Amino acid sequence: MKLGKRILSLVLAAVMCCGMGFAVSGTEAEAAAKVTVPKVIRCGVGMRKTQTITINMPGKDDKIKNVKVYEGSKKTKNLVVKETYRYRYSGTGTTSTTYPSTSNLTFYAKKEGVYKIKFDVYKTKTARRSSHTITVRAKEHGDSIIQGVTLDGQNIWDPYNPYSHYTTKKSGKLKFTLADGCKIKKITVSYPDKKGKTQYKSIKNGKKVTFGQYGYQYSTSSSWGQNMWAGTSISITYTDKYNQKGVTYYTNYTIYTKANKWYKSQY
């Protein structure tokens, strides 16, 4: 009889532990999933440079409240911010997402400056989950990481087309200037050879680059085509001290020259 009671008590204890385990795991899952917010955003100036950022939240009832904008220590109207989208996952069970709530903040800068968007995330109407600050670095054409390009000392950077340039030159000294806070770690040049195979070469900023010569051509039983341009892709690896530390980022620039040779495309 005593043995039966002992076995029964052990079974009940195991069931209670399992129940507690499920309850804790659910709580820990939400605690582990924190609100994800970008720390720094770069943008241009003017309404046509409007940008949108996404805030992911771990609770189904999470909402953004108390959105305020500062320039220095003072509130400002030079950065216009509005919540433009809100999503709440309404499903149940294991199909629920890590971030069942999402909001978008859309903004634009009226003039250059460094702004801070501050807001709170509430998990209920009265219970605040966390507070957050996003730094917005607004500059004319500041939405482009590449802020300057010279070819043999001549400025070729176009703020309205900041990632490509057409030239008649076959080579030249190419130098890039990135946005404030960004540092170039590596530059890789690539272009297709006569067989269409991509060739890669690392270069130093400001040094001579030989551009690709080959465009593509194709032919079928009913059509034929031949590209006018040969493209040279420049991939820039860089770090950004205003963003996540220890993370490398990439941006690309393309030089187009008139093709004088062609490789057969697999088209």
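Note that these values count all heavy atoms, side chains included, but never hydrogens, waters or copies made by symmetry. The model shown is predicted, which means the values in this text are computed figures rather than measured ones.
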Participant: I'd like to check the side chain to side chain donor-acceptor pair (under 3.5 Å) partners of T76; sequence neighbours left out, ordered by chain and number.
Facilitator: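 Here the qualifying residues are N78.
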Participant: Does a donor on one side chain sit under 3.5 Å from an acceptor on the other, for T135 and K116?
Facilitator: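 A donor-acceptor contact under 3.5 Å links the two side chains.
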Participant: Count the heavy atoms of every other residue, nucleotide or ligand shown that sit under 6.0 Å from OH of Y115, and state whether that count exceeds 12.
Facilitator: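 Yes, the 6.0 Å shell around OH holds more than 12 heavy atoms from other groups.
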Participant: Please tell me whether S101 and D62 have a donor and an acceptor in their side chains that are separated by less than 3.5 angstrom.
Facilitator: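 No pair is found: no donor N or O on one side chain lies under 3.5 Å from an acceptor on the other.
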Participant: Closer than 3.5 angstrom, by distance alone: can the side chain of T124 be matched with the main-chain N or O of A127 as a donor-acceptor pair?
Facilitator: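 Indeed, once roles are kept as given, a pair shorter than 3.5 Å links the two residues.
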Participant: Please evaluate residues Y214 and K261 with respect to the criterion side-chain contact (heavy atoms from CB on, under 4.5 Å), reporting the C-alpha separation (whole Å), side-chain torsions for both, the decisive distance (0.1 Å), and the verdict.
Facilitator: CA-CA 5 Å; Y214 289 88; K261 299 177 182 179; 3.4 Å; yes
Participant: With sequence neighbours excluded, what pairs up with N155 under the side-chain contact (heavy atoms from CB on, under 4.5 Å) test?
Facilitator: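 Checked N155 against side-chain contact (heavy atoms from CB on, under 4.5 Å); matches are W157.
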Participant: Decide yes or no for Y218 and S223: does some side-chain heavy atom of the first lie under 4.5 Å from some side-chain heavy atom of the second?
Facilitator: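 Heavy-atom side-chain distance check passes, below 4.5 Å.
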Participant: Does I234 reach the side chain of T254, with side-chain heavy atoms less than 4.5 Å apart?
Facilitator: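 A side-chain contact is absent here, since even the closest heavy-atom pair is not under 4.5 Å.
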Participant: Kindly state each residue pair satisfying salt bridge (Lys or Arg N to Asp or Glu O under 4.0 Å) with at least one member in residues 215-244, sequence neighbours excluded.
Facilitator: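 Only R42-D240 qualify under salt bridge (Lys or Arg N to Asp or Glu O under 4.0 Å).
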Participant: Between F119 and K68, is the side-chain contact (heavy atoms from CB on, under 4.5 Å) condition met? List the steps.
Facilitator: CA-CA 6 Å; F119 63 91; K68 299 175 182 178; over 6 Å; no
Participant: Can you name the salt bridge (Lys or Arg N to Asp or Glu O under 4.0 Å) partners of D180, sequence neighbours left out?
Facilitator: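 Testing D180 for salt bridge (Lys or Arg N to Asp or Glu O under 4.0 Å), a comparison that skips the adjacent residues, returns R137.
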Participant: So, do C182 and T239 sit near enough that their side-chain heavy atoms are less than 4.5 Å apart?
Facilitator: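 Counting from C-beta outward, C182 and T239 never come under 4.5 Å.
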Participant: Is the Lys NZ or Arg CZ of K65 less than 6.0 Å from the centre of Y122's six-membered ring, within 45° of the axis?
Facilitator: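 Yes.
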Participant: Would you please test F107 and V80 for side-chain contact (heavy atoms from CB on, under 4.5 Å) and show each step?
Facilitator: CA-CA 5 Å; F107 64 92; V80 180; over 6 Å; no
Participant: Can you list every pair that meets salt bridge (Lys or Arg N to Asp or Glu O under 4.0 Å) and has a residue in residues 74-89, with sequence neighbours left out?
Facilitator: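 Checked against salt bridge (Lys or Arg N to Asp or Glu O under 4.0 Å) - neighbours excluded - the pairs reaching residues 74-89 are D61-R88, E83-R86.
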Participant: Given Y166 and Y256, is the ring pair (Phe, Tyr, Trp, His ring centres under 6.0 Å) satisfied, shown in steps?
Facilitator: CA-CA 5 Å; Y166 289 78; Y256 294 99; 4.7 Å; yes
Participant: Just jot down the ring pair (Phe, Tyr, Trp, His ring centres under 6.0 Å) partners of Y87, sequence neighbours excluded, or say none.
Facilitator: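 Once residues adjacent in sequence are excluded, Y87 has no partner under the ring pair (Phe, Tyr, Trp, His ring centres under 6.0 Å) criterion.
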Participant: Is the closest side-chain heavy-atom distance between I156 and L174 below 4.5 Å?
Facilitator: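 Answer yes - side chains close enough.
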Participant: Using modelled atom types and a 3.5 Å cut-off, is there a donor and acceptor pairing between side-chain atoms of K118 and backbone atoms of S131?
Facilitator: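 Between the backbone of S131 and the side chain of K118 there is no qualifying donor-acceptor contact (under 3.5 Å).
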Participant: Which pair of heavy atoms, one from Y242 and one from G181, lies closest together, and at what distance?
Facilitator: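 Smallest heavy-atom distance, with atoms named: CE1-CA, 3.6 Å.
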Participant: Whether the T84 and T106 side chains hold a donor-acceptor pair (N or O, under 3.5 Å, no angle test) is what I'd like checked.
Facilitator: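 Their side chains do contain a donor-acceptor pair, which is all the 3.5 Å distance test asks for.
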Participant: Can you confirm whether the side chains of H132 and S130 place a donor and an acceptor under 3.5 Å from each other?
Facilitator: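 Judged by distance alone, the side chains do pair up.
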Participant: Identify, with sequence neighbours excluded, every residue that meets salt bridge (Lys or Arg N to Asp or Glu O under 4.0 Å) alongside K169.
Facilitator: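 Result, salt bridge (Lys or Arg N to Asp or Glu O under 4.0 Å) vs K169: D152.
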Participant: Would V121 end up clustered with V69 when hydrophobic side chains under 4.5 Å apart are linked, directly or stepwise?
Facilitator: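 Yes, because V121 and V69 connect within a single hydrophobic cluster, where side-chain heavy atoms sit under 4.5 Å apart.
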Participant: Can you tell me if NZ on K185 sees more than 12 non-hydrogen neighbours from other groups inside 6.0 Å?
Facilitator: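 No.
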Participant: Within the 4.5 Å heavy-atom criterion, are K194 and Y263 side-chain neighbours or not?
Facilitator: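 Sidechains of Y263 and K194: no contact.
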Participant: Would you check if L79 and I117 make a side-chain contact, meaning some heavy-atom pair closer than 4.5 Å?
Facilitator: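 In short, these two side chains touch, coming nearer than 4.5 Å.
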Participant: So, the side chain of D158 versus the backbone of P162: is there a donor-acceptor pair under 3.5 Å, distance only?
Facilitator: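 Absent.
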Participant: When you measure from the side chain of W229 to the backbone N and O of G215, does any donor-acceptor pair fall under 3.5 Å?
Facilitator: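 Checked: no pair found.
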Participant: Quick one: does T50's side chain have a donor or acceptor within less than 3.5 Å of a partner on M47's backbone?
Facilitator: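 Yes, the answer is positive, given that a donor and an acceptor are paired below the 3.5 Å cut-off.
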Participant: For the backbone of G212 and the side chain of T232, can you confirm whether one donor and one acceptor N or O come within less than 3.5 Å of each other?
Facilitator: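 Confirmed, T232 side chain pairs with G212 backbone.
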Participant: For T210, which residues count as a side chain to side chain donor-acceptor pair (under 3.5 Å) partner, sequence neighbours excluded?
Facilitator: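 Side chain to side chain donor-acceptor pair (under 3.5 Å) check on T210 returns nothing, list empty.
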Participant: Within a strict 4.5 Å, meaning less than it, do heavy atoms of the Q199 and P192 side chains meet?
Facilitator: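 Answer no - side chains too far apart.
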Participant: Could I get the full list of side chain to side chain donor-acceptor pair (under 3.5 Å) partners for N104, not counting sequence neighbours?
Facilitator: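 Testing N104 for side chain to side chain donor-acceptor pair (under 3.5 Å), a comparison that skips the adjacent residues, returns T54.
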Participant: Among residues at least two apart in sequence or on other chains, which ones pass salt bridge (Lys or Arg N to Asp or Glu O under 4.0 Å) with K49?
Facilitator: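 K49: salt bridge (Lys or Arg N to Asp or Glu O under 4.0 Å) contacts with D143.
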Participant: Would you mind reporting whether C43 and Y108 have side-chain heavy atoms less than 4.5 Å apart?
Facilitator: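 Result no, sub-4.5 Å side-chain heavy-atom pair not found.
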Participant: If the condition is side-chain contact (heavy atoms from CB on, under 4.5 Å), which residues does N252 pass it with, not counting sequence neighbours?
Facilitator: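 Testing N252 for side-chain contact (heavy atoms from CB on, under 4.5 Å), a comparison that skips the adjacent residues, returns S233, S235.
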Participant: Does anything in residues 171-206 pair up under ring pair (Phe, Tyr, Trp, His ring centres under 6.0 Å), and if so which pairs, sequence neighbours excluded?
Facilitator: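 Pairs touching residues 171-206 that pass the test: F176-Y253.
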